[in-house]
Structures are given as C-alpha cells and as structure tokens.
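Data first, discussion second: the structure below is written as structure tokens.
Each chain gets a letter, A, B and so on, in the order its sequence line appears, and its residues count up from 1.
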Amino acid sequence: MTDSAKPTLLVVDGHSLAYRAFFALPVENFSTKDGQHTNGIYGFLSMFVNLLKAEKPTHVAVAFDTSRESFRTREYAEYKATRSETPAEFKGQIPLLQECLDAMGVTVLTKPDYEADDILATLATRGENEGWNVLVCSGDRDTIQLVTDGVTLLYPSVQGVSQLKRYDPQTVRERYGVEPAMYPDIAALVGETSDNLPGVPKVGEKTAVKWLTQFGSLDAVLEGADTIKGVVGGNLREHLDDVRRNRRLNRLLRDVELPVGLDDLKIKPLDGQAVRDIFARLEFRALLPRVFEAAGAPAEEEPAAPIAQAPAPVQLDAEALAAWVANAQGEVGVTVTLLGGQPDRLGLATADEVVEAAWGDDVATALGPWFASDAPKVMSDAKPQIKALARGGVSLAGLAFDALLAGWLLRPSFPDKTLGHLVERLLGEKLPEADPSQLVPETEGATPGQLSWFTLRVTEALREEMPESVARVLTDIELPTVATLAAMELAGVAVSHAKLSEFSGELGARAETIAQEAYAAIGREVNLGSPKQLQEVLFEELQLPKTRKTKTGYTTDAASLADLQEKAHHPFLDLLLRHREATKLKQIIDGLDAAIDSTGRVHTTYVQTGSQTGRLSSTDPNLQNIPVRTEESKRIRAAFEVGAGYETLLTADYSQIEMRIMAHLSGDPGLVEAFNSGEDLHRFVGSRVFGVDPADVTPEMRTKVKAMSYGLVYGLSAFGLAKQLRIDQTEAKKLMLDYFARFGAVRDYLRASVEAAREVGYTETIFGRRRPFPDLKSPNRQLRENAERAALNAPIQGSAADIMKIALFRIHEDLRAHESRVLLQIHDELVIEVAPGEWDVVEAIVRDRMGSAAELSVPLDVQVGRGADWNEAAH
DNA sequence: TACATGACGTA
DNA sequence: CGTACGTCATGTAC
C-alpha cells in the first residue's frame, strides 16, 4: 500500500521505453503526413499518461541517454557494442519526445558520459532517503538492483510498453530467488547478451542463485571458486575477471551530480498551448485529451478546458447603441453574425462591457457613421462580416486587428480557422457552444457581444506574442487587404454561361468518343478515371513496364504515360491522355458554370489565411487555377467577360517577380544587371551561362536556363532539372555549375538564407512576414530536406505575395473615386473591370501602384493588357 | 457519410 | 529527388 501522504516520485528511462515502443508499434501507422515518424513518441506518451493516471506521482523525471558513449564504454569498449545502430527514424523522435514532456511540465534529464539508468538510480536513492514512495520505470534489467521496500520497479513486459510489471522486493525474490540488491551479482555471473557482457559459460540463473545462496555474496563466490567442482567450476575460475568487470559495469551510480533537486521534479502545470502546438505538429489527436486528463490532479475535477465565461450582454436599442459607441474608450470588439449573407445580430464589447442588438435599418442608420469612421475596431474573421455589412448598406473602416489573421501570421501552418480555436489555444478555455441537437438548446452558445469580448481577450494574447515585424505585416499589409478582398468577392466576375455550356457539350462528346476508342484498344470497358483500374490494364493486362511507385501501386500520371508511350507504343496510352484532358477541362467548365449566379457573375472566396507563404488562396470556385496553357483553355478564359455597364477588362501582371526578388535579395550583380539591362531575362542569362552573344542564344539554351532559373526558386536538384529537361544528370549538373559560375551570389544567398533560418527557426520576407521551420533541425533527412526547399522558397514567394497585396489594396483604394473595380487576383496578376471612359486613369493607377509597391534594387515590370474578355486581355 | 489518394489545373 | 495552392473522381473505412 502506498502512503498517500508521502510524495511519490516517478523516474523513467525515456530512451529505453521509447525504443521499445518504436519496435512495438508499426511505423506506417504512426507518421505525420510529411514523413516524421512518431511511433516511439506515441507509444511512450501513451504508457506515460497511463502511469500518471494510475500512480498519481507528485514528482516526475524522465531521463535520457545522451549518446552511446559513457564512462562504461570507456572502461570496456565492447560494452553494448553488439547493439545494432540506432535507426535514424528513432533518433529523430527523441528531441520531439523531450519537447512533449517539457510542454507537459515534466522534467527531462540528461547527463553526458552517464546512462539514463544512473540518473534513475541517483534520483531513486535520494527519494528513498527522504522516505518517499519511489517508482522506477525502465526497460533495463539492471534497475532491479534499485528495488527496495520504498522503491518499486515498473518493467515493460514482452508484449510491449503498455503492460508494466511491478517489481517489489517480494516479486524479485519470487522471480530471481535473491534479494534485489543481489540481482547484479546474478547478472555478473550469467552475463548480459544485450550489453555484450559475456558471463561464465554454462552458468545460468539457477546456478548463479545456488552459488550466491551458498556463499552469501559474490565476493565469497569468487574467493571460493577453487572449491566449486565440475566444468562450471573450471569455467568460473577462467572467467573471474569477466565477472568482476560485469559487476563493475552493471552497478548503477547513485551519486551522479544533477542540476536539479528532488523538489524541482514536482510536476509543473502543463503548458496547454505548448502541448497543443507540439501535438498538432505530431498529428496526435486522441492523445491530447488523455494528456490533459492525466495532468489534472485526481479524477473528478474540472475538465482541462473550462467553459469560458464572459460578461452578460446588455441589449440596447439603436439609439443607445450609438451613444454607447460614442462613449466607448479605445478599441471596440465587433461581431456581426450572419443569416443568409445578411447581418443578423451585432455585438460590441470593451474590456468590461458587452452590448448587443438585433440588426435592422435603425441600427444600420444609427451606427453607420461609426462603422465608416476610423474608430478602432477589433474583429475576428472580418471579411465575411464586412461583406454582410456592405450588403446591409454599411461600410466598415478602422479595422485595427483581426484575430484570425494574427493567429495565422504567427503560426501559418496551424489550422485555427475560428475564434473558438484561438480561445482554446491561447486562453485554454472553450467557447460555450449551443447544443445543436435541440430546438431550444439547454446550453447557450456565446452571444455576438460575448464573441466580441473574447476577440478582445484573444487579441491581447496575440499582441503579447507578436514580434514587431509581424505586427507591421498585419497592420500595413493584411488588414488593408481585408476590405479589398471583400469588395472583389462581392463584385464577382461575369462569366458567359452560353460559351461554357457549348464548350462543355463538345468536350463531353469528345470524351465519349475517345473512351469508346480506348475500350476498343484494350478489348474491354474500364473506368478511365480510376487509377486503380488503369493499373490493372496497363501493368497486368498489357504488361507495360512499371512506372514510378505510389502508395497504392504504380503511377499513371501524364508524365509517366508519356514515358511509357516512348518505351512501348500502345494506342491506349494516347487515348487515355486525350480522355483525361477532355474530362479535366469539362470538369473545370461545369464547376465554373454551376457557380454562375443569377446575375451572370461568379463570386470566389479568397482565403487570406489559405497559405503558409502569405499568398491568397481561392475557393468555391477556385479562380486561381483556370487553365491558360493550351489553345483549348483559351476558350475557357474567353468566357470571363467584361460585365454589363463596363467597357473592358484590364489585366496587369508582374513579369518574373520572383526572379526579381531573388536578384534583389541576393544582390547578384549579373542578375541585377539582367533586369536593369532591359534585355529578355532568359536570353541575357543564357548568353552569360553559355558564353554567347544574346542574339545567338538558341531556343534550347533559353529553355534550359529558364528551367534552371525557375527551379532555383524551388530548390531544384540536378535530378529534378534533368528530369524536367529530359537530359541526363551529368548534363544537368554541368548546367548548374555553369549557371552558378556566372550567378554565384544567387547560390550563396540561397544557402545563407536557409542556414539563417535554421538558426533562428523561421524565414522572413522583405516586409517581415515570418514562417517557422522547426524541421530544419530534424535529424530525419527527408523531413529536413523538404524543410530546406520550402525555407528557400518562402521568402521569395512570400515577398512576392506581400508586394502584390500592397499593390492590390492601394489600387482598390485609388479606384474608390472611380467606377472601375478590381475583380481577381491570381498571385502575380490582377483582373480589373474598367468603366467607360476610365481606361487611361485606371491604367495609370495600376502601373504606378504595382510598379511602386516595393523599392527593390531592380525595377518591378508590369505588363498590362486590354480586352473584352480575359483571353483577349491577356497579352 | 467522411476521409485518403491520385491526378492535374494555376502561379 | 521543385515551392505554393484547390478540386474532382474513385475507393475505402466507418
């Protein structure tokens, strides 16, 4: 029985238990989507959480080995030498596990030159001396020597780490027939294969125990070796030194100097946000509530995330509301709830007051001036609310903060998509939710005013952790972009249903014809849209050579099919490719057509938090991936038309903005000169790389340097370059060398920028937008190299996104005085609907604003086109 | 019904 | 073994 008044100390050998979990759990079930293995971490934490729950320790430490080397290997080089190399997939998990434990408030200990078990022995001894209950959890049998009346060993069973066997002195006696303290004597005689410590041949546990009981101690056995008869006696006499060595090595040190005292091991409250962060990175979901539950003290206490409490809202009429905002000091939290795209209710809050009202014409009239004023407003996910207000006839200015945007800027990789997520992550509370299953819910959801109040609280927390540079990106770039995007979405773009449906009909017929021919070519019908069925046809029935592997078989993607076509001609391949092309186009067209509203326009939604680099994304429908490359696709773009009442479409795009940013960031003299010379970029680069006159750069040369230049921005390898250009790798390598011989500063910049990111943990755009890259330090090569390429690209793509956003909202603001309006943003291109008579002024605004959005060491070149539809307007 | 996968469109 | 996205159809798991 444990004495509950006494502190309970739990000490764990993190390394050995995680290692067991690593082998016990199938790695394929425990990997994140970008390839980080997590089976050891998961298994360990799962066991650890169960331990915390069952044993309720007051003090905890988890010890880790620092390396293979220790004082033991120095004394006996062969110690543990037969152990196979620790798999790299496991090594990488240890720092992450330590991070988890740290977030959970658990002390993590390591000590160079010692093994984790020595730390365990030291702590267990100290705890025992204090009269505490001590639990030692280790997968190393040597820790049996620590067992006493006050020290219990928890040892994983063969099945894995989830079952722990308890060893107290009585169990040890029953199992081994000696006192726990004598166990190392047995081990010394018998030897330990896993530690590469040979013992006395032919001596097993039975014999060892017999001798030890007979002589009373190991020393006595060794001294009396001469009296032992038989072969084993002879063996013992020949291996006395081995036994002595074994005993020296398996004695755990109980007086290792540690930087902590027992009191420091007291379980600290877990850091909810840190735990959520690291668990999100590891993609642990089910484990999260278990950790929170185990971290809370005894069973029936409050849940880990308490339901958040906000002041009761005061209902005001329009007049009182206007008076309230007139008196409000400082920033006001604003929430507009929506019903069918229209404002439904309005809730406002300051730090200590919450007011609200149903939306109506009276409220719109009374508060319109305040909404349109610079009075600072704090919101969360302002864009849909701004759109609803606009539909209700109210325009909003003075947006001082958007919590969702801020949360994204701080952690662009996190899936925080609602205020509720932020409240949970930052405040550790749960927003009250209405019980959706009941008509009259028992539990009330947060009211609009309360949501505003939470927005203020979350805002405070976000500002706290927001570096100055990120705050500037929010204020100077993201916030002004919000209203711009709202206006663009409301405007939509005119799309011709007639053009689309005609084309769709043609493509449908074409796809059907091709399908029939394809069936004829292989003698049966298959679903041409099913990679699975295609694999059967291609690789089993037709016996074509295998392509690149995928998770579920072999790829049937276009590039591979083209390769196949070269190697083994088969009419089916070409038909399949053409079928794919036709159905893909038809899909896009039909999707687009379905999105046309009653006024003939399509309204996309821009997701401002939709990328990790700072770009926008576009959904429902995605208007940022409308086909452009082929002749056929021009017909789709031609369906995007200038709307009624407008004169023409204007398209404006940045030419080679990413390469220009590279030139600016790297300061490469050659590249800077290329852009300042006015010469075609790829021609200029080609002439330098191949040492010919710009006029003599052949199309092949141009293609090569163009691929190289673009590849640079993505972290392209010689392998990838070779594949893309269909040249061999030696030639690709040479191309890279020749390129860098002329534009070496580019390579230097890219390398330095990744190294800097590795140091500080994040990349930064020209304007200070950050993107964290924890994996740059990962020992997992795949993970690390992926992170390196992404880190190389992030400042470039991100800076381009920053520049475009700045140009975009400035153009939008300038156009307020005109009828013309921005409709679409496609990363480096804008589509603008120009009102009659406004072309000249709009073109001037666009050229100026895009050209001056950033001061780089190279000019920002803007191409402008004009036409009645998007295809015509392209240049 | 929800989720993963492969394929493919854009910058 | 090239970055960043979203959508579709299919197939599987629930």
Side-chain angles (χ1 to χ4, degrees), chain A residues 33 35 412-413 526-535 547-561 576-577 579-592 594-595 604-630 632-633 636-637 653-659 662 707-725 729 732-733 736 750 754 763 771 773 781-782 785-798 800-801 804 824-830:
Chain A
K33 63 176 184 309
S413 65
V526 285
N527 186 340
L528 296 174
S530 162
K532 188 167 172 277
Q533 296 180 36
L534 288 174
Q535 285 173 47
T547 54
R548 173 170 52 86
K549 279 214 167 185
T550 66
K551 265 188 185 167
T552 51
Y554 301 93
T555 182
T556 67
D557 68 17
S560 305
L561 293 183
L576 174 56
L577 285 169
H579 183 262
R580 282 236 182 100
E581 200 182 325
T583 48
K584 180 77 185 176
L585 276 184
K586 184 169 187 300
Q587 260 176 32
I588 290 169
I589 290 166
D590 292 350
L592 203 53
T604 184
T605 302
Y606 289 105
V607 185
Q608 206 170 339
T609 57
S611 80
Q612 302 205 40
T613 53
R615 276 188 174 183
L616 302 173
S617 74
S618 157
T619 64
D620 302 312
N622 180 356
L623 295 185
Q624 291 181 322
N625 71 342
I626 301 301
V628 68
R629 291 184 214 282
T630 65
E632 307 252 65
S633 59
I636 301 182
R637 292 217 165 196
D653 64 50
Y654 281 118
S655 61
Q656 295 133 352
I657 187 167
E658 294 191 338
M659 283 300 286
M662 279 253 292
M708 173 80 201
S709 290
Y710 279 109
L712 273 180
V713 180
Y714 305 137
L716 187 69
S717 62
F719 176 93
L721 188 63
K723 210 174 86 161
Q724 199 203 320
L725 291 172
Q729 252 190 84
K733 266 187 193 143
M736 292 180 88
L750 291 170
V754 171
T763 58
R771 177 174 172 191
F773 281 100
R781 197 179 73 154
Q782 159 115 34
E785 291 181 346
N786 286 347
E788 284 169 352
R789 285 190 301 274
L792 182 136
N793 175 262
I796 300 168
Q797 189 183 117
M804 182 49 118
L824 304 176
Q825 188 257 40
I826 308 98
H827 307 306
D828 63 1
E829 174 185 6
L830 295 178

Rounding to a whole Å, what distance do you find between A/Glu581:CD and B/dA7:P? 17 Å

Distance check: side-chain N/O of A/Ser530 vs OP1/OP2 of C/dG11, anything under 4.0 Å? yes

In whole angstrom, give the distance that lies between atom CG of A/Leu576 and atom C1' of B/dA7. 11 Å

If you check the A/Pro531 side chain, which of B/dG6, C/dG2, B/dT10 turns out closest? B/dG6

How long is the line joining OH of A/Tyr554 and P of B/dT5, in whole Å? 18 Å

Hunt down the Watson-Crick or G-U wobble partner of B/dC8, both distances under 3.5 Å, from any strand shown, or write none. C/dG6

Under 4.0 Å between any heavy atoms, over every strand shown, what does A/Ala794 touch: base, sugar-phosphate, or nothing? Just pick one. nothing

Expressed in angstrom and rounded to an integer, what is the separation of A/His579 atom NE2 from C/dA9 atom C1'? 12 Å

A/Arg771 side-chain N/O to C/dA4 phosphate OP1/OP2 under 4.0 Å: yes

Proximity to the side chain of A/Lys551 - top-ranked nucleotide from B/dG6, C/dG2, B/dA7: B/dG6

If I take atom OG1 from residue A/Thr604 and atom CD1 from residue A/Ile826, how far apart are they, to the nearest 0.5 angstrom? 10.0 Å

Could you tell me the separation between the CG atom of A/Leu623 and the CD atom of A/Gln825, rounded to the nearest 0.5 Å? 11.5 Å

Distance-only donor-acceptor test, A/Asn622 side-chain atoms vs C/dG6 base atoms, 3.5 Å: no

Which part of the nucleic acid does A/Arg548 contact within heavy-atom distance under 4.0 Å: base, sugar-phosphate only, or nothing? nothing

For C/dT7, take OP1 and OP2 only and decide whether either is under 4.0 Å from a side-chain N or O of A/Gln624. no

Can you identify which nucleotide, out of B/dT5, B/dA11, C/dA4, has its nearest atom closest to the A/Thr552 side chain? B/dT5

Whole angstrom value for the distance that separates P of C/dC1 from CG of A/Leu721: 16 Å

Measure the spacing between CG of A/Leu712 and CG of A/Asn793 and express it to the nearest 0.5 Å. 11.5 Å

What one should report as the nearest heavy-atom pair of A/Leu792 and A/Tyr714 is CD2-C, 4.0 Å

Which of B/dA11, C/dC1, C/dC5 is nearest the side chain of A/Arg629? It is B/dA11

Is there a donor and acceptor pair, one atom on the side chain of A/Arg615 and one on the base of B/dA11, closer than 3.5 Å? yes

Once you apply a heavy-atom cut-off of 4.0 Å, does A/Lys532 come out as touching a base, just sugar-phosphate, or nothing? sugar-phosphate

Over all strands shown, is A/Leu712 touching base, sugar-phosphate only, or nothing at heavy-atom distances under 4.0 angstrom? nothing

Starting at atom CD of A/Gln587, determine the distance to atom C1' of B/dC8, rounded to an integer number of angstrom. 9 Å

Heavy-atom closest contact (A/Thr547 atom, A/Tyr554 atom, distance): O-CD2, 3.1 Å

Indicate whether OP1 or OP2 belonging to C/dC5 is found under 4.0 Å from a side-chain N or O atom of A/Thr613. no

Whole angstrom value for the distance that separates C1' of C/dT3 from CD1 of A/Ile796: 10 Å

How is A/Ser633 classified with respect to the nucleic acid when contacts are heavy atoms under 4.0 Å: base, sugar-phosphate, or nothing? nothing

Between C/dT3, C/dG2, B/dC8, which nucleotide gets closest to the side-chain atoms of A/Ser717? C/dG2

Just checking A/Glu658: base, sugar-phosphate only, or nothing, at a heavy-atom cut-off of under 4.0 Å? nothing

Over all atoms of both residues, closest heavy-atom pair of A/Ile636 and A/Pro627: CD1-CG, 4.0 Å

Ranking C/dG11, C/dC1, B/dG6 by distance to the side chain of A/Arg789, first place goes to C/dC1

Whole-Å distance, A/Asp557 CG to C/dG2 P, equals 14 Å

CZ of A/Arg781 to CD of A/Glu788: how many Å apart, nearest 0.5 Å? 10.5 Å

Give one of base, sugar-phosphate or nothing for A/Val628, where a contact means two heavy atoms less than 4.0 Å apart. sugar-phosphate

Could you work out which one of B/dT10, C/dG2, B/dA7 sits closest to the side chain of A/Asn625? B/dT10

Quick check: any donor-acceptor pair below 3.5 Å linking the side-chain of A/Gln797 to the base of C/dT3? yes

Pick base, sugar-phosphate or nothing for A/Thr555, based on heavy-atom distances below 4.0 Å to the nucleic acid. sugar-phosphate

Which nucleotide in C/dA4, B/dG6, B/dG9 has an atom nearest any side-chain atom of A/Pro627: B/dG9

Answer yes when A/Arg629 and A/Glu581 have at least one side-chain N-carboxylate O distance shorter than 4.0 Å, and no when they do not. no

Students often get this wrong, so: under 4.0 angstrom with heavy atoms, is A/Gln724 touching a base, only sugar-phosphate, or nothing? base

Side-chain contact check for A/Thr550: nearest option of C/dC5, B/dG6, C/dG2 is B/dG6

